[in-house]
Amino acid sequence: MCADSSSTPSTFSSDSKFSSTSRKAASVLSHHPERITSGEQARQLAGIGRKIADKIDEFLQTGHLRKLDKIRASDVAVATAELSRVSGIGPAKARQLIDGGVRTLEELRARPELLNRHQTLGLRYVTEFESRIPRQEAAAIERHVLHRVAELDGRYRATVCGSYRRGAESSGDVDLLITHPDYTSDGAETGRRRTVDGAETGRGRSAAGSATARGSGRSAGGRLLGAVVDHLSQDGFVTDTLSQGDSKFMGVCRLPGAQYTTHRRLDIRLVPHDQYHCAVLYFTGSDEFNRQMRAHALEQGFTLNEYGLRPLGTTGVAGEPVPVGSEREVFEYLQYPYRPPEQRNL
DNA sequence: TCGACGGAGGAGGGAG
DNA sequence: CTCCCTCCTC
DNA sequence: GTCGA
């Protein structure tokens with residue numbers, strides 16, 4: 001769903017604080033209206049400290065950065081970046097591979113035994129996952145998914161969030177939120193796996209414990225999400241699963257039809273019914289819009305997150321969540337002028 | 001000078 | 001088996 | 001790396 005730089009709460013593509021810090025600095029600089037002519041001048045901006053100011057001075061002086069030259073020349077950094085293109089491979093796995101003599105995707109393809117399931121799929125689809133989803137195709141995916149979900153059980157509610165919902169002309173993936181009246185946060189269903197049949201114990205159960213027995217020993221959430229995923233797999237739309245638990249599916253999909261040749265990343269989250277609108281609000285973003293809205297909520301004496309809107313007591317302790325019947329109601333509670341998703345691209 | 005920086009679901013593997 | 005840790009994703 | 005306590 002990462003459209004440009006700001007989508008949902010997730011402008012953290014690569015690693016650690018360095019990434020987040022320098023990203024903020026870069027953002028501040030790029031949005032600065034005037035031309036920066038000295039490190040001292042840049043130093044005044046939020047997120048620019050001594051070190052970055054020094055680097056600005058060095059670049060202004062010499063036209064390049066020694067540190068950057070060094071990184072570009074480092075083959076380990078290059079190999080890490082290359083291997084990290086694969087979904088499921090992060091810094092640790094990349095280092096492990098490099099230590100094992102694998103530095104390119106080509107070399108990686110020759111060593112499939114080094115990869116787990118997620119990484120194997122990530123490698124298979126690496127190029128496809130790097131291509132963006134045109135809005136027209138995302139809309140077709142939305143139609144297909146909403147139709148199939150409604151056909152499975154009309155009580156589901158589903159919304160495609162992320163930059164697509166904000167009207168973006170292209171998206172990085174499709175992020176679907178679903179809910180169902182049978183699944184609420186107050187539930188007796190707090191994730192813990194219960195024994196299916198209390199009476200039966202011992203070796204008799206071993207067969208039932210088969211890994212693929214979805215739907216037998218499952219929480220309410222697991223059944224509700226699993227049923228959707230199964231239904232979407234039935235017609236071949238969902239092609240692969242990267243991971244799947246009781247509340248979150250991460251996988252791969254492709255629409256039927258000759259014009260759709262590229263596999264796309266699809267995430268499905270099952271959200272408690274009473275938290276649905278706050279979750280849709282949160283996962284629609286943008287990051288910056290969420291920050292501003294949360295700040296406004298605090299000024300009004302509320303705390304807002306993906307789980308709900310709660311009043312803050314005088315001591316600063318959050319109270320019970322305010323019942324919310326729509327996204328718009330969240331705005332109204334906060335006396336925040338309503339903005340449709342297309343106007344949340346901050 | 002020092003801790004926080006968003007944080008949770010899921011895979012996988014080790015300890016008990 | 002459960003618990004807990006690291007890694008990864010978003 | 002940067003910010004604020």
Side-chain angles (χ1 to χ4, degrees), chain A residues 1-3 5-29 39 42-56 67 80 83-97 114-123 129 161-163 171-177 185 190-195 201-203 205-206 209 211 217 219 221-222 225-226 229 241-252 265-272 275 279 282-288 290-291 294 303-307:
Chain A
M1 79 175 96
C2 262
S5 53
S6 65
S7 56
T8 6
S10 56
T11 314
F12 300 86
S13 48
S14 31
D15 40 290
S16 72
K17 324 147 197 203
F18 178 75
S19 170
S20 126
T21 302
S22 49
R23 224 169 261 277
K24 179 181 180 185
S27 170
V28 167
L29 286 172
R43 185 73 179 74
Q44 308 307 311
L45 279 44
I48 309 289
R50 198 195 89 234
K51 305 290 274 294
I52 291 183
D54 286 350
K55 284 175 175 54
I56 288 173
K67 192 78 169 284
T80 301
L83 295 170
S84 298
R85 291 170 56 198
V86 175
S87 180
I89 296 182
K93 181 65 182 182
R95 168 161 306 192
Q96 177 190 323
L97 289 168
L114 299 179
L115 302 179
N116 65 22
R117 171 186 173 80
H118 183 153
Q119 292 156 350
T120 299
L121 290 166
L123 179 59
F129 289 171
C161 297
S163 62
S171 308
D173 66 5
V174 174
D175 197 358
L176 180 74
L177 261 56
S185 62
T190 9
R192 276 300 142 249
R193 197 155 294 157
R194 310 152 313 169
T195 44
T201 50
R203 57 194 201 286
R205 284 175 42 76
S206 58
S219 70
L225 178 59
V229 172
T241 298
L242 298 172
S243 65
Q244 178 177 2
D246 286 346
S247 67
K248 190 176 69 177
F249 163 86
M250 297 177 58
V252 188
R265 281 280 293 104
L266 171 69
D267 290 348
I268 306 177
R269 294 167 214 277
L270 176 69
V271 176
Q275 299 178 351
Y282 178 83
F283 286 108
T284 297
S286 67
D287 290 346
E288 184 54 32
N290 285 351
R291 270 191 284 274
R294 273 202 300 266
T303 170
L304 175 67
N305 58 28
E306 63 179 294
Y307 306 117

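Because the structure is a prediction, the values reported are computed rather than measured.
dG13(B) atom C1' lies 13 Å from atom CD of Q96(A), rounded to whole Å. Per the geometry, CD belonging to E306(A) stands 11 Å off P belonging to dG7(B), to the nearest Å. Across the protein-nucleic acid pair, D175(A) atom CG and dT9(C) atom C1' stand 12 Å apart, rounded to whole Å. Atom CZ in R294(A) sits roughly 10 Å away from atom P in dG6(B) (whole-Å rounding). One can place CG of N116(A) at 18 Å from P of dT6(C), the figure rounded to the nearest angstrom. dA8(B) atom C1' lies 7 Å from atom NZ of K248(A), rounded to whole Å. As rounded to whole Å, 13 Å separates atom C1' of dC7(C) from atom CG of L97(A). At whole-Å resolution of the value, CG in L177(A) and C1' in dC10(C) are 13 Å apart.
For S84(A), the side chain to side chain donor-acceptor pair (under 3.5 Å) criterion is met by no residue, not counting sequence neighbours. For the side-chain contact (heavy atoms from CB on, under 4.5 Å) test, residues two or more places apart in sequence or in another chain that qualify with S22(A) are F18(A). For S27(A), the side chain to side chain donor-acceptor pair (under 3.5 Å) criterion is met by H31(A), not counting sequence neighbours. By the side-chain contact (heavy atoms from CB on, under 4.5 Å) test, K248(A) is found to be paired with M250(A), R269(A), residues two or more places apart in sequence or in another chain being considered. Residues forming a side-chain contact (heavy atoms from CB on, under 4.5 Å) with R85(A) (at least two apart in sequence, or on another chain): E82(A), L105(A), V126(A), E130(A).
At the heavy-atom level, K93(A) lies under 4.0 Å from the strands shown only through sugar-phosphate atoms. Residue contacts shown for R95(A) are absent, as no nucleic acid heavy atom lies under 4.0 Å away. Among the heavy atoms of the strands lying under 4.0 Å from Y307(A) are primed sugar atoms or P, OP1, OP2 only; no base atom is included. No engagement by V28(A) is indicated, since no non-hydrogen atom pair under 4.0 Å with the nucleic acid exists. Across all strands, A46(A) comes closer than 4.0 Å only to sugar-phosphate atoms, never to a base (heavy-atom distances).
Minimum atom distance to the side chain of R117(A) is reached by dG12(B), of the listed dC7(C), dG12(B), dG9(B). Distances were taken from every side-chain heavy atom of A92(A) (C-beta onward) to each of dC10(C), dC8(C), dA11(B); the shortest belongs to dC8(C).
A donor and an acceptor atom sit less than 3.5 Å apart, one in the side chain of Y282(A) and one in the base of dG6(B).
Taking 4.5 Å as the limit, every side-chain heavy atom of Q119(A) sits out of range of all side-chain heavy atoms of L114(A). Counting heavy atoms from C-beta outward, F249(A) and L270(A) have side chains that stay 4.5 Å or more apart.
With both ends at atom C1', the span from dT9(C) to dG6(B) equals 13 Å, rounded to whole Å.
With both pairing distances under 3.5 Å, dG6(B) is matched to nothing as a Watson-Crick or G-U wobble pair.
Between the side chains of S243(A) and H118(A), no donor N or O sits under 3.5 Å from an acceptor N or O.
Under 4.0 angstrom from either OP1 or OP2 of dC8(C) there lies no side-chain N or O belonging to S87(A).
Here the range on DNA chain D touched by chain A, meaning any atom under 4.0 Å from one of its heavy atoms, is dG1(D) to dC3(D).
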